[in-house]
Amino acid sequence: MRHALSLFLILFGLWLIMSGHYLGWLVALGAASAALTVWIARRLEAIDHEGHPLHLAWRGMPYWGWLLVEIVKSNIDVARAILSSPAAIDPSVFKIKAGQRDELGWAVHANSITLTPGTVTMAIDADGTFTVHALTRASRQGVESGEMDRRVSRLMGEA
Amino acid sequence: MIAGLLDMASWGLVLAGSLVILVGTLGLLRLPDLFTRLHGTGMTDTMGAGLLVLGMLLQTTDWLIAVKLVLILVFLAITSPTTSHALASAALYGGLTPWRLSDRKDEP
Amino acid sequence: MFAAAAAALLVAMAMALVRAVAGPTVYDRILAVNAIGTKTLLMIAVVGFLTRRPEFLDIALVYALINFIGTVAVTKFVKHRHLGHPANLNGEGEL
Amino acid sequence: MIELIDVALLCMMAVSALAVLWLRNLFAVAMLAGSYSLMAATLYVVLDAVDVAFTEAAVGAGISTVLMLGALTLVPHEEKPSGRHALSGLVVTVGLGALLIYATLDMPSFGDAGAPVHRHVANRYIEDSAAEVGLPNVVTSVLASYRGYDTLGETTVIFTAAIGVLAVLGWGGRPGRRRPPADGETRP
């Protein structure tokens, strides 16, 4: 129920931002459409702990900041690889074991890997082993150093 | 004075963002196979769009527009890795073999 | 300034279009169309600022969602049509 | 600058349209049609027709692509080379195209305030619709209120067509078609 309510608040807030009109009748229609969407989401059983992990948004501020810096660094790395001759790239496929316990932690970790250019998570096995494609040797070492793994675990409150 | 500085900063951000987008898309053309090309579009989606939107943020005083710009970034940050992963996993599933350095002879 | 950004986006669109035409694999084309979609949504935002009427940003937001849903749907379609083929994820050893 | 954007977008649309004709791989054709729609939608935004752009993106890039992919599951991936060139078809197409271009010469120029469309009821829609209907979006007021019966007829036609298509295709009632996911498959 708590998740349904927070989903409603998010949707309604989004509606208010997007509409820009604040007449009583229109706002009531917006609230009704948000409620209808929540009802449909409940029927789809899409409302759960994983659906919109709000708890991560606030606690994760240091993590998102760190990720931003990583994204900028890897962008420069990839840009250099593209602009220099194709010989500069050394693509490789490798596997790492994610340290997180549940699927939400894996999702955050895998998406963080993919979000930093230069590395893409290609597959996730049932035991949390990621198959990762890396563009350059540096980007591969970045993932294999395991720093992101440690930080995601801390974000998920596991370490 | 402050307005002039903000204007210059926004110029720099928008131009840098355009440059990143160009380089990333150049990667889409130049890199040898799908899996490597994914990294090029990743650049456009993260830093290219990010710098461009930041530059636009500095040009607006309307908070509604600012919120919408930030929302564009948030949506991109959520959807871009999902798309990349879906494509990579589908290509792997479809039997595409990632390009290795040893395949370079095939490239012109 | 926004004119320069618009020009850069147009050039990038053209390059992505070349990739979409050239292929060679199905996935390259999906990636190229997805890239064109991203550039389209940035283009709409930039055009809004270029004409000093940035009220149409919601359209860019909707494009972001359509692009995402479209790409994932197409990817799923391609993947499942290959479901009957021998390639599967457990055969990664040959990579 | 805006004209330059228009010209560049039109050029790219022409290139993708020619590529659609040229390529034999039908999946590539479906993808290129999608990118054509995306560029057309950008063009509509540049021309200030935001509502049209939105429809183009949803229908052209979204639903038509899905429909084409659905059709692709039923046919081979490669187009069969037909070998013969239909000269009469070319003549009819070029003739019709020339006629249409000739017809546009009579059209009022883009944004002309004295154009017939702008002299009829449009002014009343723009000036009074907020007071008369109470909706902020003029297009919505026109579609849902001033032309309400027209819209009702349109939606009835589309609804009936959808029911007809569903009745022909069958709605989910084919057991055995759905396969369970293979082992180790990840959800994208």
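Letters A, B, ... are given to chains in the order of the sequence lines, protein chains preceding strands, and every chain is numbered from 1. Worth knowing before you read on, the calculation uses all heavy atoms, side chains too, and leaves out hydrogens, waters and symmetry mates.
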Which region of [X], side chain (C-beta onward) or backbone (N, CA, C, O), has a non-hydrogen atom less than 4.5 Å from a non-hydrogen atom of chain D, or is it both or neither?
X      : answer
V47(C) : side chain
I69(C) : neither
V11(C) : neither
L10(C) : both
V33(C) : both

What part of [X] is in contact with chain C, defined as an atom under 4.5 angstrom from a non-hydrogen atom: side chain, backbone, both or neither?
X      : answer
A53(D) : both
A61(D) : neither
L38(D) : both

Please evaluate residues F27(D) and I30(C) with respect to the criterion side-chain contact (heavy atoms from CB on, under 4.5 Å), reporting the C-alpha separation (whole Å), side-chain torsions for both, the decisive distance (0.1 Å), and the verdict. CA-CA 10 Å; F27(D) 185 86; I30(C) 302 176; 4.0 Å; yes

Measure the [atom1]-[atom2] distance between [X] and [Y] for me, rounded to the nearest 0.5 Å.
X      : Y      : atom1 : atom2 : result
M13(C) : S16(D) : CE    : OG    : 11.0 Å
I44(C) : Y44(D) : CD1   : OH    : 13.0 Å
T40(C) : L43(D) : OG1   : CG    : 11.5 Å

Residue selection (most heavy-atom pairs with chain C, distance under 4.5 Å) from C11(D), A28(D), A8(D):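 Most pairs with chain C among the choices: A28(D).
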
Who among T65(D), V29(D), D48(D) has the most heavy-atom pairs with chain C under 4.5 Å?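 Most pairs with chain C among the choices: D48(D).
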
Quick one: of V62(C), L9(C), V74(C), N34(C), who has the most non-hydrogen atom pairs under 4.5 Å with chain D?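 Heavy-atom pair counts peak at V74(C).
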
Can you tell if the side chain of I36(C) reaches within under 4.5 Å of the side chain of Y36(D), non-hydrogen atoms only?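 Of all side-chain heavy-atom pairs linking Y36(D) with I36(C), none is under 4.5 Å.
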
Would you check if I5(D) and L50(C) make a side-chain contact, meaning some heavy-atom pair closer than 4.5 Å?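 The answer is yes; the side chains approach within 4.5 Å.
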
For L17(C) and L32(D), run side-chain contact (heavy atoms from CB on, under 4.5 Å): C-alpha distance rounded to whole Å, both residues' side-chain angles, the deciding distance at 0.1 Å, then the answer. CA-CA 8 Å; L17(C) 186 62; L32(D) 277 169; 4.0 Å; yes

Determine the minimum heavy-atom distance between F54(D) and Y63(C), stating which atoms define it.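 It is N-OH, 4.5 Å.
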
